[in-house]
Participant: 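Please see the structure below; I have some questions.
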Amino acid sequence: MSILSGKKVLLGITAGIAAYKTASLVRLFIKSGSEVKVVMTPAAKDFITPLTLSTLSKHPVYSSFTNEDDDNAVWNNHVDLGLWADLFVIAPATANTLSKMSNGASDNLLLATYLSAKCPVYFAPAMDLDMYKHPSTLESFKKLNEFGNIMIPATSGELASGLVGEGRMAEPEDIVSFIEKDILGKLPLRGKTVLITAGPTYEAIDPVRFIGNHSSGKMGFEIAKAAANMGAEVILVTGPTHQNVSNSLISIKPVVSAQNMYDEVHKYFKASDIGILSAAVADFKPKEVASQKIKKKSDTLTLELEKTKDILASLGEIKKQQYLVGFALETNNELENAKGKLKRKNLNLIVLNSLNDKGAGFKTDTNKVTFIDDKENVSEFQLKSKSEVASDLLNKIISEIDA
Ligand code: CTP
């Protein structure tokens with residue numbers, strides 16, 4: 001899946017001959033899973049028709065401050081358009097438009113949108129070789145770079161003038177892969193390995209029965225997805241659940257019992273940077289596992305249980321560089337119990353869920369959590385979706401490991 005999937009891409013087209021290639025560019029963005037809107041300068045319409053672009057993008061194409069086709073002129077809101085976008089890609093970007101962008105001119109809708117946009121702006125210059133080298137163009141590149149805009153350099157080749165040299169707009173495929181690489185390279189968890197546990201564990205009583213719990217695994221899977229979206233390599237060790245996820249950055253290790261989970265987690269912890277143990281691991285397991293199905297011969301049945309290994313505590317004992325996070329599900333004396341666990345298990349952070357909070361805990365899509373870190377900072381959150389809780393948690397971890 002492309003990192004561009006689900007992103008809102010605003011494509012800005014200016015009046016260069018390379019504008020004819022933007023039909024392919026729109027298609028490639030859409031193929032990557034992004035939503036595309038197009039804004040173009042009035043002169044760009046001489047090179048490619050708005051009808052082609054609106055058909056491909058499935059959105060109206062904007063090129064002036066008002067909608068000219070309407071008797072009651074409607075204002076095309078450049079502020080809304082700029083704020084809508086997750087990224088603004090100006091391709092082809094002519095010397096004229098780049099010069100205006102670098103000087104704050106706003107005499108067309110594309111330029112006004114550029115000034116209003118808060119998202120990352122990419123520009124792919126396209127011009128003749130002497131224009132590309134001209135000091136005033138180089139000055140535009142420099143200024144735009146200082147503004148934080150990202151240049152997708154032109155390539156060398158035959159130009160519309162017939163001359164051969166630098167100034168050809170990068171090919172649409174290269175523009176898309178340049179942006180994908182740029183976004184990936186800037187993700188906050190790029191290069192980090194995150195080990196996550198999720199779901200319940202099943203402790204066998206006999207070949208057909210087990211002791212388990214109602215954990216759905218949702219919280220752990222949401223953390224895995226959020227970590228992958230932030231660029232991490234994720235190892236997700238999960239007990240039996242109905243959750244699934246397909247992401248090339250997430251490697252799923254299915255386990256059944258607490259002992260399986262312990263063994264699997266220890267295989268990967270040493271090479272991990274962050275450990276987040278959200279699984280609801282059984283605290284006890286049957287001391288003996290019957291080799292045959294237990295028959296109901298008597299009126300009562302007594303099972304002797306013994307403690308499982310505490311996976312989280314075992315990682316706390318051996319951790320070095322790793323940032324270690326545990327979960328605590330409490331019913332009373334919540335803060336004190338959670339703080340006690342944080343210390344006892346040598347954690348960097350504990351996520352407290354209180355069963356007294358409506359919408360928190362097992363099986364729900366929401367959770368209400370409190371973070372307590374090893375400096376005893378306590379941050380309490382509102383009831384949120386588990387995916388929002390996952391992002392809050394990872395943002396907290398990132399702020400701690402970057403500090
Ligand atoms: N945990 C674990 N291995 C276990 C038990 C728990 O890794 N065998 C982890 C959970 O994934 C979670 C945290 O420890 O991150 C929860 O601990 P919890 O079971 O609530 O606390 P305990 O220390 O077992 O204390 P108590 O049961 O008394 O509340």
Side-chain angles (χ1 to χ4, degrees), residues 194-204 210-224 227 234-241 243 253-270 272 274-287 305-319 322-357 360-363 367-374 386 389-390 392-394 396-397:
V194 182
L195 174 64
I196 297 168
T197 67
T201 63
Y202 288 179
E203 308 304 324
F210 59 83
I211 298 173
N213 62 64
H214 289 300
S215 167
S216 64
K218 261 183 203 149
M219 193 63 247
F221 273 70
E222 289 300 337
I223 298 168
V234 178
I235 295 157
L236 176 59
V237 179
T238 174
T241 83
Q243 307 293 318
K253 312 287 174 193
V255 295
V256 177
S257 67
Q259 183 62 46
N260 298 154
M261 189 172 271
Y262 178 95
D263 294 339
E264 205 63 11
V265 161
H266 276 270
K267 271 192 214 162
Y268 300 103
F269 186 63
K270 276 204 181 96
S272 299
I274 298 166
I276 305 175
L277 273 64
S278 69
V281 186
D283 286 327
F284 290 93
K285 61 177 182 179
K287 197 164 181 192
L305 303 180
E306 63 178 4
K307 266 197 175 159
T308 56
K309 288 183 193 157
D310 190 320
I311 307 167
L312 182 59
S314 72
L315 299 184
E317 277 168 26
I318 59 167
K319 88 180 166 78
Q322 295 92 346
Y323 191 91
L324 187 58
V325 181
F327 275 67
L329 184 64
E330 306 289 345
T331 52
N332 60 313
N333 239 344
E334 292 100 337
L335 263 184
E336 286 322 301
N337 284 341
K339 282 181 187 169
K341 257 173 222 178
L342 176 92
K343 287 217 166 66
R344 228 176 23 255
K345 301 195 189 190
N346 191 26
L347 311 180
N348 299 95
L349 183 79
I350 193 149
V351 181
L352 165 66
N353 305 276
S354 164
L355 268 192
N356 297 324
D357 290 319
F362 285 4
K363 284 199 163 169
N367 210 352
K368 186 171 181 324
V369 297
T370 302
F371 298 160
I372 305 152
D373 69 21
D374 48 6
K386 284 188 173 169
V389 172
D392 288 343
L393 174 59
L394 290 163
K396 166 73 179 167
I397 297 171

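All ligand and atom numbering here is 1-based and tracks the order in the structure.
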Participant: Give a yes or no on whether the backbone of Leu352 and the side-chain of Glu330 come within a donor-acceptor separation of less than 3.5 Å.
Facilitator: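 Answer holds: no.
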
Participant: One pair to check against side-chain contact (heavy atoms from CB on, under 4.5 Å): Leu324 and Phe269. What are the steps and the verdict?
Facilitator: CA-CA 10 Å; Leu324 187 58; Phe269 186 63; 4.2 Å; yes

Participant: Give a yes or no on whether the backbone of Val255 and the side-chain of Asn260 come within a donor-acceptor separation of less than 3.5 Å.
Facilitator: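 Absent.
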
Participant: If we ignore hydrogens and angles and just use 3.5 Å, is the side chain of Ser257 paired with the main-chain N or O of Tyr202 as donor and acceptor?
Facilitator: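 Flag not set: sc Ser257 to bb Tyr202 has no pair under 3.5 Å.
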
Participant: Is there a donor-acceptor pair closer than 3.5 Å between any side-chain N or O of Thr201 and the backbone N or O of Val256?
Facilitator: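 Pair absent, no side-chain N/O of Thr201 close to backbone of Val256.
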
Participant: Starting from the N and O atoms of ligand 1, find every protein N or O within less than 3.5 Å and list the pair with its distance.
Facilitator:
{"from": "ligand 1", "atom 1": "3 (N)", "to": "Ile311", "atom 2": "N", "distance (Å)": "3.0"}
{"from": "ligand 1", "atom 1": "7 (O)", "to": "Leu312", "atom 2": "N", "distance (Å)": "2.9"}
{"from": "ligand 1", "atom 1": "8 (N)", "to": "Thr308", "atom 2": "OG1", "distance (Å)": "3.4"}
{"from": "ligand 1", "atom 1": "8 (N)", "to": "Lys309", "atom 2": "O", "distance (Å)": "2.9"}
{"from": "ligand 1", "atom 1": "11 (O)", "to": "Leu277", "atom 2": "O", "distance (Å)": "3.2"}
{"from": "ligand 1", "atom 1": "11 (O)", "to": "Ala279", "atom 2": "O", "distance (Å)": "2.7"}
{"from": "ligand 1", "atom 1": "14 (O)", "to": "Lys345", "atom 2": "NZ", "distance (Å)": "3.0"}
{"from": "ligand 1", "atom 1": "15 (O)", "to": "Leu277", "atom 2": "O", "distance (Å)": "2.6"}
{"from": "ligand 1", "atom 1": "15 (O)", "to": "Phe327", "atom 2": "N", "distance (Å)": "2.8"}
{"from": "ligand 1", "atom 1": "15 (O)", "to": "Phe327", "atom 2": "O", "distance (Å)": "3.4"}
{"from": "ligand 1", "atom 1": "17 (O)", "to": "Lys345", "atom 2": "NZ", "distance (Å)": "3.2"}
{"from": "ligand 1", "atom 1": "20 (O)", "to": "Lys341", "atom 2": "NZ", "distance (Å)": "2.8"}
{"from": "ligand 1", "atom 1": "21 (O)", "to": "Lys341", "atom 2": "NZ", "distance (Å)": "3.0"}
{"from": "ligand 1", "atom 1": "23 (O)", "to": "Lys345", "atom 2": "NZ", "distance (Å)": "2.9"}
{"from": "ligand 1", "atom 1": "27 (O)", "to": "Asp283", "atom 2": "OD2", "distance (Å)": "3.4"}
{"from": "ligand 1", "atom 1": "29 (O)", "to": "Lys341", "atom 2": "NZ", "distance (Å)": "2.9"}

Participant: Please examine the side chains of Met261 and Val281, heavy atoms only from C-beta on, and report whether any two atoms are closer than 4.5 Å.
Facilitator: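 Of all side-chain heavy-atom pairs linking Met261 with Val281, at least one is under 4.5 Å.
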
